[in-house]
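What you see is a predicted model; the values in this text were computed from it and never measured.
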Amino acid sequence: MKHQHRCWKVCFAKNYWGTQKGTDQGEELHLDREFEWNGHRWLIPALYRCRQGLVVDFAIEVPQGELRAYMEKWGLTENGECTRTLTRAEERQMEQENPLDIGFCASLRLNGVRLHPSDGCGMGYLPGTDAGSDEAAALVHYYGLDETKVWRFWRNSYPWATKSRKSRPKRFRTLELELEAELEQHLAEQFPTPAAGESVTIHEPGNENAAYQLTVLDVRSETLELPDCDGWERPNCFCMMTYRLTPKAEHFYLTDCAEGDHPRRKPRKLPLEQAALARKYRLEPQMEGDAAIAVIGGADGPTAVFCTVRGSAEKTEGAAAATSACYFAPVRPETVTWQAEFDRKPCGDTTVSLICDV
């Protein structure tokens with residue numbers, strides 16, 4: 001692979017867009033390592049040795065036909081805007097199917113010592129004069145990649161295993177890249193809340209022979225007392241369902257198909273004239289983010305409810321609990337529709353040798 005001669009500076013724990021001034025430039029080590037994994041062609045063009053650790057650049061080729069089919073299926077324009085109105089389940093499915101969203105965890109093993117990433121950033125490159133960004137085009141140009149292909153870039157920073165400079169490796173005898181695929185969501189059936197004692201059959205997507213019985217142990221409406229949050233009200237009513245899945249399944253989850261209520265600002269006492277203007281021009285601020293399951297987060301984040309299953313060991317063995325989205329009004333269990341979900345890895349883990357000088 002031919003590298004272009006141009007001004008190029010890669011620094012530790014810096015993204016593609018931030019300024020690199022005042023930071024130490026990493027020493028580039030050309031690798032040009034290529035391999036296949038998780039249905040994609042991967043390239044590790046170079047790594048950079050910095051005072052604080054190593055920086056590794058990843059380039060993943062995405063088939064153009066796959067991206068085109070994805071955009072047509074979901075009605076996406078060239079600018080990435082969706083022309084369709086999607087349900088919450090469809091939005092999750094669209095995110096899951098995005099061919100540019102390649103989830104992975106990458107660690108290094110240098111001279112037998114494992115290094116974990118501390119920082120990472122990514123971006124995509126699409127062919128065409130108006131596609132992608134200047135930074136993505138610069139990566140394609142510098143590493144001599146095919147400008148007619150679709151690329152997904154990722155950059156990880158790996159701190160040294162020790163803070164002592166004397167203990168840092170002066171020579172790279174072996175360097176291995178350990179890749180682990182992230183869990184992917186696979187949506188199964190949707191169903192209304194059953195009564196306690198009733199069962200629902202759940203089928204695992206992509207595995208016709210895998211059928212599970214979800215038996216409801218208890219279902220009830222709950223209300224939490226939440227502290228004041230800087231003048232904001234958070235929804236605190238939800239439905240809690242305790243269930244047992246037979247046989248047991250790893251990485252099985254239930255979520256509410258509805259979004260729930262958004263946090264809102266408490267009514268303020270304003271002069272009549274000012275209040276009328278606020279209503280007319282919609283000057284009352286609204287909180288961003290939806291209220292889903294958990295109670296964490298403040299005025300600028302989602303509301304969620306964590307729950308545990310309590311009781312005798314016999315009754316709680318194999319039991320799990322799920323909560324609906326949060327609302328301001330009490331939730332009637334029969335109004336909640338649940339989404340069953342199985343999470344699994346799309347492929348096995350792999351180890352790639354980058355340097356072997358022993």
Looking only at the side chains, is there a donor atom on one of R92 and T255 sitting less than 3.5 Å from an acceptor on the other? yes
Decide if atom CD of E27 counts as having more than 12 heavy atoms of other residues, nucleotides or ligands within a radius under 6.0 Å. no
Side chain to side chain donor-acceptor pair (under 3.5 Å) partner of Q93, chosen from Q96, E97, E90: E97
ring-ring contact (aromatic ring centres under 6.0 Å, His included), that's the test. Do F104 and F58 meet it? Break it down for me. CA-CA 11 Å; F104 67 97; F58 300 81; 5.5 Å; yes
Do Y143 and F153 have ring centres separated by under 6.0 Å? no
Would you find a donor on one side and an acceptor on the other, under 3.5 Å apart, between the side chain of R84 and the backbone of K73? yes
So that I can tick it off, tell me whether E250 and K248 are bridged by a salt bridge, with the cut-off set at under 4.0 angstrom between side-chain N and carboxylate O. no
Taking W37 for the side chain and G348 for the main chain, is one N or O donor matched with an acceptor at less than 3.5 Å? yes
So how far is it from L110 CG to R168 CZ, rounded to the nearest 0.5 Å? 12.5 Å
Working to the nearest 0.5 angstrom, can you tell me the gap between D261 CG and F238 CZ? 14.0 Å
Would the distance check show the side chain of T350 and the main-chain N or O of L179 forming a donor-acceptor pair, the cut-off being under 3.5 Å? no
Between Y158 and L115 the two heavy atoms that sit nearest each other are CD2-O, 3.6 Å
Report the distance from atom CZ of R264 to atom CZ of R234, rounding to the nearest 0.5 Å. 13.5 Å
If two hydrophobic side chains count as joined below 4.5 Å and joins carry through other members, does W232 share a cluster with F328? no
Just by distance, do the side chain of Y70 and the backbone of M94 share a donor-acceptor pair under 3.5 Å? yes
Specify whether Y212 and F342 have parallel, tilted or perpendicular ring planes, treating 30° as the upper limit for parallel and 60° as the lower limit for perpendicular. tilted
When R155 is tested against each of D57, D119, N15 for side chain to side chain donor-acceptor pair (under 3.5 Å), which residue passes? D57
Crowded around R332 CZ? As in, over 12 foreign heavy atoms under 6.0 Å? no
Check V200 against P194 and note the closest heavy-atom contact, atom names and distance. CG2-CG, 3.5 Å
For H203 and E189, does a side-chain donor sit closer than 3.5 Å to a side-chain acceptor? yes
Using every non-hydrogen atom in the two residues, find where A258 and Y327 come nearest and quote the distance to one decimal. CB-OH, 3.2 Å
Distance col, row L31:CG vs L47:CG, nearest 0.5 angstrom, shows 4.5 Å
